[in-house]
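Note sheet for the following structure.
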Protein chains: 2
Amino acid sequence: MITLTEENYIKAIYHLASNGEKTVNTNAIAAVMQTKASSVTDMIKKLSEKSYVDYKKYQGATLTDDGKRVAVNIIRKHRLWEVFLVEKLNFSWDEVHEVAEHLEHIKSDKLIDELDALLEFPSHDPHGDPIPDKEGNFKHIEKIMLAKAEAGSTYKCVGVDDTSSKFLKYLDSNSIALGTIITIKHKEPYDNSVKIAFENTEIVVSQNVAKNIYLKKV
Amino acid sequence: MITLTEENYIKAIYHLASNGEKTVNTNAIAAVMQTKASSVTDMIKKLSEKSYVDYKKYQGATLTDDGKRVAVNIIRKHRLWEVFLVEKLNFSWDEVHEVAEHLEHIKSDKLIDELDALLEFPSHDPHGDPIPDKEGNFKHIEKIMLAKAEAGSTYKCVGVDDTSSKFLKYLDSNSIALGTIITIKHKEPYDNSVKIAFENTEIVVSQNVAKNIYLKKV
DNA sequence: AAATAATTTTAGATTAGTCTAAAAATATTT
DNA sequence: AAATATTTTTAGACTAATCTAAAATTATTT
């Protein structure tokens, strides 16, 4: 049996490992889990005993294949529920994350498989993130940060990194959504802001924003 | 903040109070919660401090208005999720209870209101139990136990008491469902079994079964 | 109304997850 | 390479929910 807390730690380790190094350090986990390093050490030991992570003292943690399987399954559930909330329950993309954080822990294979079918096997969630299939395979989409896009080129918006309500509402208020076709007009070296054009509009976005939008060349 | 465990105790007390006396004793709660009387005492004290139950030592517990409000809200969520599982995810009525036990604890008003709308504001769950509205009002259906129905009369099946998978599968295998029109052919005084007729069939059901089926005169 | 039985509560211990404060190990600076 | 800073771990304590065993109360029987 795996507890709710264990699942959340595994998920945190998975996310930390996927955007960066493969071995995850204690403080980083503590930051994500909003807890103290000492608590993380305790939990890592427990997860290590249960074979969800490999752990050597002072050397950080990495997920085992078993741990990865658990993480991907939770992510599958989280993203399917997000699609459900948007498609069937009229949630907007900035409202789904928190509720999905709870729904993702419900354990029932039939529930998830039928939900998947009801939604017609969606490949991406409302933020553009890929949804793993039953076996845990995802289609990796090649995408680049807006911050790294080249001036003069045109792209399609295919995802966001920050899924906080605040950021998504900012995008809404600027009419940027998944699928929006964006041309890079100018990259300002001084503050790394970027001038972009789409649908008769031209706006300048900060570096912070530019790092949280993913594009694909068109 | 109310914990998962507290919610489950409140629900248990509500159900125990609604089929019988208004004051619920410690051992009865322990039986429902599959725990020991001493644990129940501890929890009742805690719920009493939080004003969800009235409690005097050795005198059992009763829900306060606040406690009832919590209980009815959980029941609303439970029954809406059951309808969702049957109507949208192809669950059968014997599969829904366990999953709904978990889904009922997800806290989001928007989630439940939108779910209610998606299901077109159902009045009853898959077992015939009424679904409270947002304000906690349910329409009380007048119904009688099959065991108390009178010989010679005709009724419609409107509910079941036991929602265990075992019992519901028994009903399925005998083609008894909500809405089935049943005529009482004979009540056997020896063992309180009942001979019933419906749709070209005649079967005898035991007293145990007869006590778990609810009928309404037609 | 005693005696006995059943129920309920208390006292003290246990587990999961957390914390603080101090110690140990590793990394960085000088 | 020694000193300092940072990170991680340990030790011991705390809370929520549970348990066992014993004590207290209430209910039932004789």
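Chain identifiers are assigned alphabetically (A, B, ...) following the order of the sequence lines, protein sequences preceding nucleic acid strands; residue numbering begins at 1 within each chain.
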Can you check whether [X] has a side-chain N or O nearer than 4.0 Å to OP1 or OP2 of [N]?
X     : N      : result
B/Y58 : D/dA23 : no
A/N27 : D/dT8  : yes
B/Y55 : C/dT9  : yes
A/K45 : D/dT10 : yes
A/K36 : C/dT20 : yes
A/K57 : C/dA24 : no
B/T35 : D/dC19 : yes
A/T26 : D/dT9  : yes

Should we say atom CD of B/E135 is surrounded by more than 12 heavy atoms from elsewhere, each under 6.0 Å from it?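 Counting other residues, nucleotides and ligands, CD of B/E135 exceeds 12 neighbours.
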
Of A/K77, A/K11, A/E7, which is the lone residue that meets side chain to side chain donor-acceptor pair (under 3.5 Å) with A/H105? A/E7

Mind calculating the distance between [atom1] ([X]) and [atom2] ([N]) to the nearest angstrom?
X     : N      : atom1 : atom2 : value
A/M43 : D/dT9  : CE    : P     : 14 Å
B/Q34 : D/dT18 : CD    : P     : 12 Å
B/M33 : D/dT18 : CE    : P     : 6 Å
B/N8  : D/dA16 : CG    : C1'   : 15 Å
A/I44 : D/dT10 : CD1   : C1'   : 14 Å
B/Q59 : D/dT25 : CD    : P     : 12 Å
A/E49 : C/dA16 : CD    : P     : 10 Å
A/I29 : C/dT18 : CD1   : C1'   : 16 Å

Along DNA chain C (nearest heavy atom to each residue), the more 5'-positioned of B/K56 and A/Y9: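 Result: B/K56.
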
Would you call A/E188 and A/K195 a salt bridge, taking side-chain N to carboxylate O under 4.0 Å as the test? no

Side-chain ion pair, B/K134 and B/D113, N-O less than 4.0 Å: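 Counted as a salt bridge, because a side-chain N and a carboxylate O are separated by less than 4.0 Å.
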
Test B/H97 against B/H127 for ring pair (Phe, Tyr, Trp, His ring centres under 6.0 Å), laying out the working first. CA-CA 10 Å; B/H97 187 76; B/H127 313 109; 7.2 Å; no

Would you classify [X] as touching base, sugar-phosphate or nothing, given that sugar-phosphate means primed atoms plus P, OP1 and OP2, and contacts are heavy atoms under 4.0 Å?
X     : result
A/S39 : base
A/T41 : base
A/N25 : sugar-phosphate

Looking at the side chain of B/S38, which of D/dT18, C/dT20, D/dT20 is the nearest nucleotide?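 Among the listed nucleotides, the one closest to the side chain of B/S38 is D/dT20.
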
Report yes if the distance between the aromatic ring centroids of B/F84 and A/F84 is under 6.0 Å, otherwise no. yes

